[in-house]
Participant: 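To start, I am sharing the structure in question, which I have written as structure tokens.
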Amino acid sequence: MGKVADLHVHTNISDSTFSPEKVIELAKLKDLDAIAITDHDTCAAIAPAIRLAKHTGVEIIPGVELTAEFDDDEIHMLGYFIDWQNEAFIKKLKELCRVREERAKEILRRLNEQGMDLQYDELMQIAGPGTGSIGRLHIANFLYRKGKVASIREAFTKYIGNDSSAYVKKFKLSPKEASDMIKAVGGVSVLAHPKTISTETRPLEDTVKMLVDEGVQGIEVYHSDHNKSESSEFKELANEYDLLITGGSDCHGLGKKEVLLGKVKVPYELVEKLRQASRLTI
Ligand code: AMP
Ligand code: ZN
Ligand code: FE
Ligand code: FE
């Protein structure tokens with residue numbers, strides 16, 4: 001079999017339960033030749049991951065997952081082969097993480113208004129001391145651990161999902177700003193899990209067209225939540241708009257129903273295409 005990669009993996013520096021070390025161990029076990037570390041708004045896991053992966057045969061592709069606001073909805077944008085050590089970039093990511101902290105506090109405040117008694121310090125303890133990017137999956141886990149919900153899913157449907165009572169938006173980045181931020185550090189910008197984009201107000205193709213005009217270079221065709229026909233629909237869009245194709249599991253460790261790492265494996269040729277499209281020479 002040819003070389004394969006999983007191009008969408010989180011660590012416990014954002015909202016996975018797995019450390020970089022655990023992720024690499026599992027990647028090896030799943031026979032992955034490369035993984036992209038794509039934490040939300042932080043690249044802090046990349047240096048340790050590269051160091052830990054050195055003699056394992058698993059290649060670490062530096063990545064990130066940003067959130068952009070689009071028509072009152074949110075889209076996620078992946079960045080690949082980014083210069084994760086660029087100081088201006090790190091500074092911007094830190095600012096996004098600071099906004100995340102304020103937003104998490106505001107979500108807790110809203111939940112407490114509904115009769116709960118949730119403290120930010122305890123949330124951070126549960127999220128883990130190394131967490132640099134606090135998010136809703138941490139809050140969902142917190143609610144579950146406190147016995148307020150019976151499952152992570154219930155936390156989202158009842159309290160913190162996009163249309164729920166304690167949901168708070170976090171970002172002011174537009175898709176163009178997110179894409180520019182990635183490109184400014186040599187990276188390739190890719191629309192993540194297009195399935196999550198609402199098609200209520202316009203067909204997906206129109207959204208993709210607009211995002212391409214704003215600079216998006218690729219689309220995540222393969223993802224744990226995409227079925228075969230969805231993936232082929234997204235692949236057609238990729239072909240039509242001359243977009244790079246990516247795919248990944250979006251593994252969050254034990255944070256999702258199952259451990260997803262390696263559930264999506266894409267041929268290494270796609271990694272080569274991303275590398276060629278980027279300006280990072282690794
Ligand atoms: P945030 O970046 O803080 O808005 O959180 C986004 C994270 O929440 C992502 O990892 C999503 O996978 C997760 N998420 C969003 N909606 C749901 C849902 N309905 N059920 C489970 N996880 C979700
Ligand atoms: Zn996440
Ligand atoms: Fe995402
Ligand atoms: Fe993700």
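Worth saying up front: this structure is predicted, and the values here are computed from it rather than measured. Read the numbers this way: they start at 1 and go in the same order the structure lists the ligands and their atoms.
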Participant: Establish whether Y167 and V149 are linked, either directly or via other cluster members, by ILVMFWY side-chain heavy-atom contacts under 4.5 Å.
Facilitator: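 Unlinked, Y167 and V149 end up in two clusters.
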Participant: Does any donor atom in the side chain of Y159 or E154 lie under 3.5 Å from an acceptor atom in the other side chain?
Facilitator: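 Result is no, nothing qualifies.
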Participant: Could you tell me whether E220 and K195 have a side-chain N and a carboxylate O separated by less than 4.0 Å?
Facilitator: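 Answer for the salt bridge query: no.
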Participant: Hey, does H252 come in under 3.5 Å of ligand 1, counting only N/O atoms on both sides?
Facilitator: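 Looking only at distances, the answer is yes, because the N/O contact criterion of under 3.5 Å is met.
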Participant: Of all heavy-atom pairs between G248 and D6, which one has the smallest distance, and what is that distance?
Facilitator: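 Scanning both residues completely, I find the closest heavy atoms to be CA-OD1, 3.3 Å.
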Participant: Restricting to N/O/S, name the atom of E65 that gets closest to the Fe ion (ligand 3).
Facilitator: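 Distance check against the Fe ion (ligand 3) picks out OE2 in E65.
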Participant: Tell me, please, if H10 has any N/O/S atom, main chain or side chain, under 2.8 Å from the Zn ion (ligand 2)?
Facilitator: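 Of the N, O and S atoms in H10, none lies under 2.8 Å from the Zn ion (ligand 2), which means no.
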Participant: Between E122 and K146, is there a side-chain N and carboxylate O pair less than 4.0 Å apart?
Facilitator: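 Yes, E122 and K146 are salt-bridged.
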Participant: Let me check your reading of the structure: within less than 2.8 Å of the Fe ion (ligand 3), is there an N/O/S atom from H193?
Facilitator: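 So H193 counts as coordinating the Fe ion (ligand 3), yes.
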Participant: To make sure I understand the geometry: which N, O or S atom in H76 is closest to the Fe ion (ligand 3)?
Facilitator: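 Among the N, O or S atoms of H76, the one closest to the Fe ion (ligand 3) is ND1.
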Participant: If you measure from the Lys or Arg side-chain nitrogens to the Asp or Glu carboxylate oxygens, is any gap between E74 and K169 under 4.0 Å?
Facilitator: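 Not counted as a salt bridge, because no side-chain N and carboxylate O are separated by less than 4.0 Å.
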Participant: Taking the six-membered ring for Trp, are H8 and H193 parallel (under 30°), tilted (30 to 60°) or perpendicular (over 60°)?
Facilitator: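 Because their plane-to-plane angle is under 30°, the rings of H8 and H193 count as parallel.
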Participant: Would E95 and R98 pass as an ion pair if we require N to O under 4.0 Å?
Facilitator: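 Yes.
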Participant: Give a yes/no on ligand 1: does H138 have at least one heavy atom closer than 4.0 angstrom to it?
Facilitator: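 Distance cut 4.0 Å: H138 fails for ligand 1.
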Participant: Are any of the N or O atoms of K170 closer than 3.5 Å to those of ligand 1?
Facilitator: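 Right, the criterion is met.
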Participant: Relative to the heavy atoms of R100, which atoms of ligand 1 are at a distance of less than 4.0 Å?
Facilitator: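 Atoms satisfying the 4.0 Å criterion: 1 (P), 2 (O), 3 (O).
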Participant: Short N/O distance, under 3.5 Å, between H76 and ligand 1?
Facilitator: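 Min N/O separation from ligand 1 is not below 3.5 Å for H76.
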Participant: Work out the angle at the Zn ion (ligand 2) between NE2 of H252 and OD1 of D15, rounded to 10°.
Facilitator: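 Vertex the Zn ion (ligand 2), arms to NE2 of H252 and OD1 of D15: 90°.
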Participant: What are the atoms of ligand 1, with element, lying closer than 4.0 Å to any heavy atom of G135?
Facilitator: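 Counting from 1, the qualifying ligand atoms are 3 (O).
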Participant: Considering only heavy atoms, does R153 approach ligand 1 within less than 4.0 Å through its side chain, its backbone, both, or neither?
Facilitator: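 R153 to ligand 1: no contact under 4.0 Å from either part.
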Participant: Regarding K28 and E25, does a basic nitrogen lie under 4.0 Å from an acidic carboxylate oxygen?
Facilitator: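 Salt bridge absent between K28 and E25.
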Participant: Record the part of D15 in heavy-atom contact with ligand 1 below 4.0 Å; permitted values are side chain, backbone, both and neither.
Facilitator: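 The side chain, only.
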Participant: In plain terms, say whether K91 and E87 are close enough for a salt bridge, that is, a side-chain N and a carboxylate O under 4.0 Å apart.
Facilitator: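 Result for this pair is no, no salt bridge flagged.
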Participant: Using distance alone, determine whether T67 and ligand 1 share an N or O pair under 3.5 Å.
Facilitator: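 It does not: no N or O of T67 is found under 3.5 Å from an N or O of ligand 1.
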Participant: Which atoms of ligand 1 are found less than 4.0 Å from any heavy atom of R103?
Facilitator: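 Heavy-atom distances to R103 below 4.0 Å select 1 (P), 3 (O), 4 (O).
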